[in-house]
Amino acid sequence: MSQRYDHDAVEAKWQKKWEEAHCFEAKDDYTMPKFYPLIEFPYPSGMGLHVGHPRSNTAMDIIARKRRMEGYNVLYPIGWDAFGLPTENYAIKTGVHPRKVTEDNVNLFRGQLKRLGFSFDWSREVNTTDPSYYKWTQWIFLKLYEKGLAYKAEIPINFCTSCKVGLANEEVVDGVCERCGGTVVQKVRSQWMLKITEYAQRLIDDLDGVDFIERVKIQQKNWIGRSEGAEVVFPIEGYPEGLKVYTTRCDTLFGATYMVVSPEHPLIDAMRDKITNMDAVRAYQKEAARKSDFERSELNKEKTGVPLEGVTAVNPVNNQPIPVWVADYVLMGYGTGAIMAVPAHDERDWDFAKKFNLPIIEVVAGGKNVQEEVFTDVASGVLVNSDFLNGLEVKDAIAKMIDWLEKKGIGTRKVNYKLRDWVFTRQRYWGEPIPLVHCEKCGWVPIPYEELPLVLPEIEDYQPTDDGSSALARATDWIKTTCPHCGGPAERETDTMPNWAGSSWYFLRYCDPHNDKELASKEALEYWMPVDWYNGGMEHTTLHLLYSRFWHKFLYDIGAVPTPEPYQKRTSHGMILGENGEKMSKSRGNVINPDDVVAEMGADSFRLYEMFMGAFDQPIPWSTTGARGCRRFLERVWRLQDMLNDADGITEDMKRVVNYTVKKVSEDYEAMKYNTAIAQMMTMVNDIYTKGSISRTEFHILLTLLSPVAPHICEELNELVGSAEPLYETAWPTWDESALVEDSIEYGIQVNGRIRGRILLPAGMDKAQVEEKALAQEDVKPFVEGKTVRKVIVVKNIVNIVVA
RNA sequence: GCCGGAAUGAUGGAAUUGGCAGACGUGACGGACUCAAAAUCCGUUGGGGUUAAACCCGUGUGGGUUCAAGUCCCACUUCCGGCACCA
């Protein structure tokens, strides 16, 4: 009789063995076929590991372990994305150095991850806050600067007037500071920007060559937001450059009845002497500055705006005067910051026109009365009231109008992107210092490459300064330096990089993490890149994933990496919710601590449950009883050691189920359908229990299949039953397709689509024979008799008899 | 608001991608074992209906396409992720 299944002993034993055998370390043998799976490296928060982390980690661990068993050289790395806001906020509150906080949190996370038995290559651990790491983050920034992709711009930040600190959007709740409730204002600061927009088209085009799940591709494309249209200039007396607008619907130019500029538009200042209601305009600008873009562009909110009295533009297609308004639903960051409004055919313009009683002119016929209802369905309309466009369909009208505008020199064809350049600076201490100095004489000057890394200076006080600069501004000795160019006095940048910086290239460092000459050697990059399979959360689709693709493309352009794309394949897991179906959070009190689960039922049960709980790509509520069910399954597997029989190989009656299980599990792992793979192994175990015995070969196959999910218990059982080699050195099993063929097929017989009977027939009968048998079947007869059989359809194992 | 997902028994989910809805797990109920309980093993479990069967209803709501719809199309409802300084 077997001993009790003691998960603590089994798991500790095998974790030690694996570590001593170094069996999960990637080999430097570049002749082997390689496989590089990747999970998003965690941010080591003080809360410790979240049950969400192991979901992605286990999924890729399964693939990593399977690939090793298939003979691949696997690099499955881990590291820490450790710069960030919460750590700094904690330091501000407690006075503990962020480096110390980070170190403690990393130690906590490392211990928790190790306890879960992931087959990470711990010898390649990286940490973004390590100067030997961020040396290369700074190096990339300098390269971007050198190539003209980093520039300064005046960009507003959220500023708490009471804490005197720049706030992340997340820290602004209902317009006030999350921490102190103080008033938040927009404060303009000069910030470093990265020209991601220069890569917009390639970031769209190159999605065709990679294997990302479709929703990721769609979301990235929509985020980049390419549109084709025209820029049209509306002349304004006293404003020589005219008011330039971007439109995708230049066919509707004859229907433009007013124009709108965003509150930040330079026109307002330039025309301030002509504008007769300047006080009202200024007040409106001030009001708008308080709102986020998000609040401003909400469609269902009440439209606001103020006319620019004294300013009149001219519609260039018909020379009609057209009023200009300022309204916050127009954003300076998109297009030209000004629009022509065609209320008859745009919902927001229509609402605005109705509210302020502006004229509405129909130019596309096909809807109802445009005075009462907006008409936006462009596919079905024909142009009216539009001079030379009358009678044309919308798409032909657009083409004709663009030609006309270009010929007349009024407008030009223009591709526009919603994507905006990346604001790359934070008024924070706990980030990578920007390796530039400002010299009175020479302007911004990069520090020489030999001086990298530019190390974060030690400071005593992490409180931000009164003007919204980071605590770095207190490190006056560090700030004061000399200009590398002229040798004169210069000052360092006191803003730091956002935490997206370190995470935009970490997968490159894993290829060669200890290199102090390059970010990674050419040979290592050529062998390991691209990442073969990257799994992570949907929430990173438009920021991290896009930013890292952008950096990678830049590095490719300067010859630093061998591939134009960093990731060959991208998949995504669903979030694990609390038992009540809500997002896990401290405040909701529904947080599940992985340590508690592991202590109660072991890492294997925990891993198994996370893979079994539901569809991998869907959000799923946690269930403690569900997890216990997985523990119960492992105990059933444990007791199979008492059911071993003396049969050799795979017994005849198990042939089908064993082969089917190998196929099902192999294919489902690859498709990330872990839940159904596990369900099939449960079915196989249920079968064995019914039979009461199992051969050694069958048991060994089961253990091999299960080992990527529950590696500790499988290794232990494998050893207990006397296998010569550990499972991690065992080859992945194959299946015999011919063993899956059934001798007979059960057909479901439908009459008019409703199931009426079943019939078991030998396999290989042709359709006519099946049809005949089905029509003669007893249960079916009453539904067919006395009726005319119109048609009989035999598909797969369904016979549908259509009668009338 | 915009972009992307999702909705199936009491419950988490499955369904060969248009072909017998509910695999597998949880819970519940019944049985075996036990002095008893726990654990374990075996069985039942969508709703209505029937002694039993037949049969009827059933995949968020309303319409549609099809021999056949959880799956495709149209219109809605609710929930989840993202919206550029959380990571």
Side-chain angles (χ1 to χ4, degrees), chain A residues 40 42-43 45 81 83-86 155 157-158 166-172 191 196 214-216 218-223 225 292-301 329 333 347-348 418-423 425-428 498-500 503 537-544 546-547 572 574-575 577 581-583 609 612-615 617-630 632-633 635-636 639 673 675-676 678-683 686 689-690 746-758 779 782 790-793 795-803:
Chain A
E40 286 158 351
Y43 173 74
S45 85
D81 185 15
F83 276 128
L85 197 59
I155 298 290
I157 60 163
N158 304 309
L167 297 177
N169 289 344
E170 192 190 52
E171 299 174 292
V172 183
Q191 307 212 59
I196 189 173
E214 206 49 36
R215 59 194 164 122
V216 168
I218 294 169
Q219 216 158 310
Q220 287 208 344
K221 276 184 197 165
N222 290 344
W223 180 259
S292 68
D293 285 2
F294 175 41
E295 288 173 87
R296 284 171 49 172
S297 54
E298 263 190 75
L299 196 62
N300 64 349
K301 76 159 185 142
Y329 77 94
E347 209 168 316
R348 283 185 296 188
K418 283 208 187 95
L419 184 69
R420 305 204 294 262
D421 277 340
W422 176 2
V423 183
T425 35
R426 301 290 182 269
Q427 295 68 50
R428 290 283 165 182
N499 98 313
W500 306 113
S503 62
M538 262 332 265
E539 69 273 20
H540 291 114
T541 303
T542 52
L543 299 178
H544 160 67
L546 202 64
Y547 289 149
S572 199
M575 191 177 275
L577 308 171
E582 290 173 31
K583 196 170 166 170
Y609 175 60
F612 181 66
M613 63 198 303
D617 59 355
Q618 296 301 317
I620 298 255
W622 181 269
S623 157
T624 300
T625 53
R628 291 202 183 106
C630 287
R632 208 171 295 166
F633 169 67
E635 290 187 1
R636 275 164 80 81
R639 286 193 300 271
K673 291 165 82 169
N675 52 338
T676 51
I678 293 162
Q680 179 53 36
M681 289 186 278
M682 288 173 168
T683 305
N686 291 345
Y689 267 72
T690 306
E746 191 187 43
Y747 287 86
I749 311 171
Q750 300 177 336
V751 179
N752 287 349
R754 317 198 58 140
I755 190 83
R756 298 299 180 183
R758 283 159 221 291
D779 297 333
R790 287 279 158 82
K791 209 182 336 178
V792 180
I793 294 151
V795 183
K796 295 181 186 173
N797 54 351
I798 290 286
V799 182
N800 191 11
I801 302 163
V802 185
V803 299

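Chain naming here is simple, since letters A, B, ... match the order of the sequence lines and numbering starts at 1 in each.
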By nearest nucleotide on RNA chain B, pick out whichever of Tyr689(A) and Met682(A) is the more 5' one. Met682(A)
Just the rounded figure in Å: distance from P of C85(B) to CG of Leu85(A). 12 Å
For a quick check, with a 4.0 angstrom heavy-atom cut-off, what is the B/S/- contact string for nucleotides 49-79 of chain B, read 5' to 3'? ------SSS---------BS-----------
Picking from A23(B), C86(B), U26(B), which would you name as closest to the side chain of Glu170(A)? C86(B)
Quick tally for nucleotides 3-15 of chain B: nucleotides whose base has a protein heavy atom under 4.0 Å get B, sugar-phosphate-only ones S, the rest -, giving SSSS-----BSSS
Please confirm whether any donor atom in the side chain of Gln427(A) sits under 3.5 Å from an acceptor in the base of C85(B), or the reverse. yes
Taking atom types as they are modelled, would you say the side chain of Glu582(A) forms a donor-acceptor pair with the base of C80(B) within the 3.5 Å cutoff? no
For Tyr747(A), the ring pair (Phe, Tyr, Trp, His ring centres under 6.0 Å) test, sequence neighbours excluded, returns none
The criterion is ring pair (Phe, Tyr, Trp, His ring centres under 6.0 Å); which residues satisfy it with Trp223(A), sequence neighbours excluded? none
What residues, two or more places apart in sequence or in another chain, satisfy salt bridge (Lys or Arg N to Asp or Glu O under 4.0 Å) together with Glu171(A)? Arg179(A), Arg428(A)
Nearest heavy atom decides the nucleotide; on that basis, is Glu539(A) or Glu746(A) closer to the 5' end of RNA chain B? Glu746(A)
Applying side-chain hydrogen bond (donor to acceptor under 3.5 Å, both in side chains) to Gln680(A) and not counting sequence neighbours gives Thr661(A)
Checking understanding here: a glycosidic angle within 90° of 0 is syn, the rest anti, so what is U17(B)? syn
